[in-house]
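Just so it is clear, the values below take in all heavy atoms, side chains as well, and ignore hydrogens, waters and symmetry mates.
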Amino acid sequence: MGRRTGRWRGRTVLAGAAALFSAVASAGQATAASTPPPYRFAAGAEQVEGATAPTDAVRLTPGTTYRSSVGDNGKLYYGLRLDAVSTAYVSVTAVPKAGTKAVYSDGIKVSLQDPNGNKCFSGDAGAARFGPTESPRPITAWASRRAGPGTYTCKSAGAYSVLVERISGAGSSPDDWELELRYVSEPALKKAASTTAPEVWDSASPQAVDGLARTRRGGTSFNEARSLAQGVWKDDIQAGQTLFYRVPVDWGQQLYATAELGPASGDGFLGNALGLSLYNPVRAFVDDAGTGYDGKAKAATLEPLPPVAYENRYDVDDQVSGMRFAGWYYLAVHLSTEMAGKFGDGPFDLTLRVRVSGTAGTPAAYDGTAAPPDVFDVTAGDKAAASNGAAATGGDGGPDGSTAMKAVAVGGIGAGTVLVLGLAVWTVVARRRAAAAGSGVAGGSGPGEGTAPVPSAQGPDARSREYGPPRAW
């Protein structure tokens, strides 16, 4: 009975392994066959509901990402608890459903209110719209409460609220939009710094980065943005798709970026075909550029931006004030849905030229009692990620993605589980073979069990490999 029990345990492990590997293979096939989502939300993002009144708002925690949704012309509140010295940033990314009809004025607006219901004025552009492309895509708006010298409103500590308003134009789809909210708190400085933005900086456009283009596959969101270093990068993009990339920019450095759309067969002209948008480390909009398209290669180039400096936040120009801290800067490239009607669905060749100039300078001296999160600096690990192309989530670290590990993740199976179970299978098989060698009975079966040996389908060299784990391990 003991031998039979052990044998069935072995069969159970083998059956479990087969089911496991089948699930992994199926998950991999499903991943390969499926179409990427319009936006991949942060893994583990907390689901919250917006309130219709500030007093009922769910309080957000700094450094946490949330998911929510907003209806047609909806107005929702979320809560914050702010001190009197930290600067608060809240970004909201709205994601319409695939196939949604959008018009020029559709978009979202984000603002912060103090405990008395007064809106905080910080000079930030708090609205994002689809604009002339009228192409539905993820759009991000933001707002902030700036603390410290030079501020005149929202200076006290207390219960603040975030107001998210959906702007709906006539003729657009009334479907709900999903939302991703991100709240980041920036500590005060140890010592008061200048409140005057730099007036002189190199605003000349440098020579375009040249060289051999290397492949980097963009992600579908901030959460899986592909890391880029200075260089020339190639990808492909489909009509209606938005791709995200990120570049580490340190204190004192300048970022330049160009997105180029390759030639394609077709007929006609689109006035707004390719868009390139830049967001800073707290997902605040900095600048954008666009280009029309007639089937010939076209490029969208960001205007020269100032070197990263803490004092930039005091400039009235949003493009300048957005370059206010070091960290990961995000590039979002969108190709209009209207491309499909004139030039096909694609994919179309996409080339990114990225330059990061200047020597890294002295970082901002944040208060040591409230160390800033990783979003406000550039580490050696960040530079390595930019070099090897790791995703924002710490992804596969390669330029094209790791299909095997993605399949495991999709199947809900940890890589460690696969390895442990695989080794368990190997151990059971080895013990059965060893028992068989000692008893002279094939397959490890005892007298009277009558189990015939199973012919090998692996060829004459299979016996030399049967006691080891698969070579893929």
Side-chain angles (χ1 to χ4, degrees), residues 29-40 93 95-104 106 130-140 173 212-228 231-246 257-278 288-302 330-354 389 391 395 398-401 403 406:
Q29 293 171 359
T31 300
S34 63
T35 301
Y39 187 90
R40 194 176 298 281
T93 300
V95 185
K97 295 179 180 178
T100 291
K101 177 176 174 52
V103 298
Y104 184 99
D106 282 356
F130 294 124
T133 64
E134 297 190 339
S135 184
R137 63 190 185 278
I139 55 174
T140 303
S173 299
L212 181 66
R214 291 172 286 173
T215 300
R216 279 289 160 86
R217 303 299 185 195
T220 65
S221 70
F222 290 106
N223 307 298
E224 60 171 19
R226 185 67 62 181
S227 304
L228 303 178
V232 184
W233 308 99
K234 64 180 179 179
D235 200 349
D236 52 53
I237 188 170
Q238 295 181 321
Q241 191 174 28
T242 302
L243 297 176
F244 288 77
Y245 310 85
R246 61 177 190 163
T258 295
E260 300 172 356
L261 188 62
S265 58
D267 184 38
F269 174 77
L270 288 178
N272 298 278
L274 183 72
L276 172 64
S277 300
L278 175 67
D288 62 4
T291 182
Y293 191 71
D294 58 2
K296 299 178 182 178
K298 300 292 181 182
T301 302
L302 297 176
Y330 297 88
L331 296 169
V333 181
H334 177 73
L335 189 62
S336 172
T337 54
E338 293 187 3
M339 284 286 293
K342 297 181 180 294
F343 302 98
D345 293 324
F348 301 88
D349 291 336
L350 175 65
T351 302
L352 291 171
R353 300 182 187 274
V354 176
D400 299 315
T403 303
K406 286 179 180 179

Measure the spacing between CD1 of Ile237 and CG of Leu274 and express it to the nearest 0.5 Å.
6.5 Å

Closest approach of Ser135 and Ser336, non-hydrogen atoms and distance?
OG-CA, 3.7 Å

Ignoring hydrogens, what is the shortest heavy-atom contact between Phe130 and Pro136? Give both atom names and the distance.
CE2-CA, 3.9 Å

Residue pairs fulfilling side chain to side chain donor-acceptor pair (under 3.5 Å) with at least one residue in residues 257-278, sequence neighbours excluded
Thr258-Thr301, Glu260-Arg353

Taking every non-hydrogen atom, the tightest pair across Pro38 and Pro138:
O-CG, 3.6 Å

Under the side-chain hydrogen bond (donor to acceptor under 3.5 Å, both in side chains) rule, collect the residues that match up with Asp235, sequence neighbours excluded.
Arg217, Tyr245

Are the side chains of Asn223 and Arg40 in touch, meaning some heavy atoms are under 4.5 Å apart?
no

Contacts of Thr291 meeting side-chain hydrogen bond (donor to acceptor under 3.5 Å, both in side chains) (sequence neighbours excluded), chain-then-number -> none

How would you list, by chain and number, every residue that makes a side-chain contact (heavy atoms from CB on, under 4.5 Å) with Asp294, sequence neighbours excluded?
Phe269, Lys296, Lys298

Would you say Thr242 and Thr220 make side-chain contact, with heavy atoms under 4.5 Å?
no

Between the NZ atom in Lys234 and the CZ atom in Arg214, the distance rounded to the nearest 0.5 Å is 11.5 Å

Enter the distance from Leu261:CG to Tyr293:OH here, rounded to the nearest 0.5 Å.
4.5 Å

Scan for salt bridge (Lys or Arg N to Asp or Glu O under 4.0 Å) pairs involving residues 332-347, sequence neighbours excluded, and state none if there are none.
none

Do His334 side-chain atoms and Gln241 backbone N/O form a donor-acceptor pair below 3.5 Å?
yes

For Pro347, the side-chain contact (heavy atoms from CB on, under 4.5 Å) test, sequence neighbours excluded, returns Asp236, Gln238

Are the side chains of Pro132 and Tyr104 in contact, using a 4.5 Å heavy-atom criterion?
yes

Under the side-chain contact (heavy atoms from CB on, under 4.5 Å) test, which residues partner Lys101, sequence neighbours left out?
Ser173

Going by the rule side-chain contact (heavy atoms from CB on, under 4.5 Å), which residues pair with Phe222 if we only count those two or more places apart in sequence or in a different chain?
Tyr39, Thr93, Thr140, Phe244, Tyr279, Arg283, Tyr330

Mind listing the closest non-hydrogen atom pair of Arg246 and Ala391 along with its distance?
NH2-O, 3.4 Å

Any Asp106 side-chain heavy atom under 4.5 Å of Thr100 side chain
no

Contacts of Thr133 that satisfy side-chain hydrogen bond (donor to acceptor under 3.5 Å, both in side chains) - sequence neighbours left out:
Arg137

Restricting to side-chain hydrogen bond (donor to acceptor under 3.5 Å, both in side chains), what partner residues turn up for Glu134, sequence neighbours left out?
none

